[in-house]
Amino acid sequence: MNDPAALRIAHQARYGVEPHVYVAPGRVNLIGEHTDYAEGFVMPAAIDFATLAAISPRTDGRIVIFAQNFDEERSWPIDELPSERSKHWSDYPLGILSILAGEGYQLPAFSLTLWGDVPLGSGLSSSAAVEVATITAVTGLMGVTIPGPQIARLSQRAENEFVGANCGIMDQFISANGAADHALLLDCRDLSFRLAPIPDSMALVIANTMVKHAITGGEYATRRAEVEEACRILATHRPEIKFLRDATVEDLAQWGHEIPPDAFKRARHVITENNRTVAAADALLANDMATLGRLMHQAHVSYSQDFEASCEEADTMVELAQDLPGLIGARLTGGGFGGCTVNVVEKDKAPAFARALADRYQKATGIAPQIHICHASAGAHRIS
Ligand code: GLA
């Protein structure tokens with residue numbers, strides 16, 4: 001898997017200079033889906049799938065980026081960086097460079113080698129890991145220290161403004177600010193957060209349905225538009241509702257009939273999900289795993305039925321986990337429409353849980369899933 005020493009050697013062999021190596025993790029979201037852009041709450045954890053970035057200075061005025069996974073190099077003079085996306089892996093690092101330049105940073109010449117093992121299109125934030133790894137490495141080379149929440153904001157802007165995916169801040173935030181053995185309850189309004197320890201007796205089992213999702217695709221944008229539409233309608237009655245974060249179930253009961261049916265259901269998901277997410281953090285902090293599991297289950301039902309962002313395979317994966325020994329809670333994680341489920345499982349039962357779930361899923365769907373037993377990891381940092 002993840003081998004910073006091998007990356008260091010490969011970078012040095014290719015560019016002749018010993019690099020500094022940085023890591024930025026992917027994430028799994030325990031609860032709080034499609035709430036981030038409604039200025040609500042999310043509770044993700046960083047995981048041990050990550051992007052590694054090896055960086056060293058150059059003297060020829062060029063920026064050279066090598067993606068080891070694709071065995072492909074791209075290179076530009078510093079002052080001729082592309083200003084638009086090309087639907088290529090390089091959009092992610094270029095987005096970061098474009099945002100940094102726009103913020104007035106003088107970009108240095110450098111060679112950057114990127115490598116990652118966050119499965120692509122699986123709802124585990126492979127894009128955020130590349131963005132945060134790039135910004136951490138480049139600012140590290142520049143000797144500039146940017147606080148974690150701001151790293152997240154700049155990386156989100158790279159994704160929104162350059163890559164063209166209108167995501168919220170959750171993925172970049174947890175990649176930059178995650179803490180080992182902890183989930184992080186983030187208030188997406190002011191970026192304040194609380195860490196909640198994941199008990200040592202628990203494992204995070206991530207089950208990949210193998211159904212690909214893409215947040216640049218239409219569904220994510222459609223859902224977001226529906227959430228915003230519901231918000232606008234409620235705000236005509238209560239102008240202090242700037243985002244759905246500000247709305248309550250009572251508001252929905254009172255004025256919901258004015259909202260088109262689909263947007264109404266999306267709003268009901270977001271409003272109840274915010275409540276569940278805060279309650280889930282309290283449960284985790286109180287070591288009340290039964291409550292956490294119940295909230296995760298309710299969150300999945302809401303995500304599937306009200307937000308309609310699940311798919312048959314993900315519903316099957318969640319269903320098949322229910323009576324397996326050791327399960328605390330299971331739900332579809334991430335942007336939706338495929339990807340992975342997250343299962344909080346008693347650690348000593350996790351290997352048997354993973355095997356049984358894989359077996360059941362393959363029998364039910366004919367698809368061989370990938371199932372990983374993960375740990376909550378630290379956010380982006382330099383590896384010495
Ligand atoms: C994707 C986006 C996040 C968030 C989730 C859904 O991962 O990048 O900002 O909206 O979907 O919770």
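First listed ligand is number 1; within each ligand, the first listed atom is number 1.
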Any N or O of Tyr303 closer than 3.5 Å to N or O of ligand 1: no

Within-cut-off N or O pair, Thr35 and ligand 1, under 3.5 Å: no

Atoms of ligand 1, numbered as shown, that sit under 4.0 Å from any heavy atom of Asp36: 3 (C), 4 (C), 9 (O), 10 (O)

Within 4.0 Å of some non-hydrogen atom of Cys167, the atoms of ligand 1 are 2 (C), 8 (O), 9 (O)

Verify the neighbour count for atom CD of Gln322: are there more than 12 heavy atoms of other residues, nucleotides or ligands below 6.0 Å? yes

Does an N or O from Ser125, backbone or side chain, lie closer than 3.5 Å to an N or O of ligand 1? no

Does some non-hydrogen atom of Arg27 fall short of 4.0 Å from ligand 1? yes

Just going by heavy-atom distances, which of Phe173, Tyr37, Tyr220 is nearest to atom 10 (O) of ligand 1? Tyr220

With heavy atoms of Gly168 as the reference, note each atom of ligand 1 found under 4.0 Å away. 9 (O)

Give a yes/no verdict on a cation-pi contact between Arg14 and Phe66, requiring under 6.0 Å between NZ or CZ and the six-membered ring centre and an angle within 45° of the axis. yes

Need the ligand 1 atom indices (1-based, order shown) with element for anything under 4.0 Å from a heavy-atom of Met170. 4 (C), 5 (C), 12 (O)

What pair of heavy atoms forms the shortest contact from Pro19 to His11, and how long is it? CB-CD2, 3.4 Å

Arg245 and side-chain hydrogen bond (donor to acceptor under 3.5 Å, both in side chains): which partner among Asp187, Asp36, Asn274? Asp187

Measure up the His34 and Phe307 rings against each other and bin them: parallel (under 30°), tilted (30 to 60°), perpendicular (over 60°). tilted

Are any of the side-chain nitrogens in Asp91 or Arg74 under 4.0 Å away from the carboxylate oxygens of its partner? no

Nearest non-hydrogen atom to atom 1 (C) of ligand 1 belongs to which of Asp171, Asn29, Ile174? Asp171

Asp306 and side-chain hydrogen bond (donor to acceptor under 3.5 Å, both in side chains): which single residue from His269, Arg268, Arg266 fits? Arg268

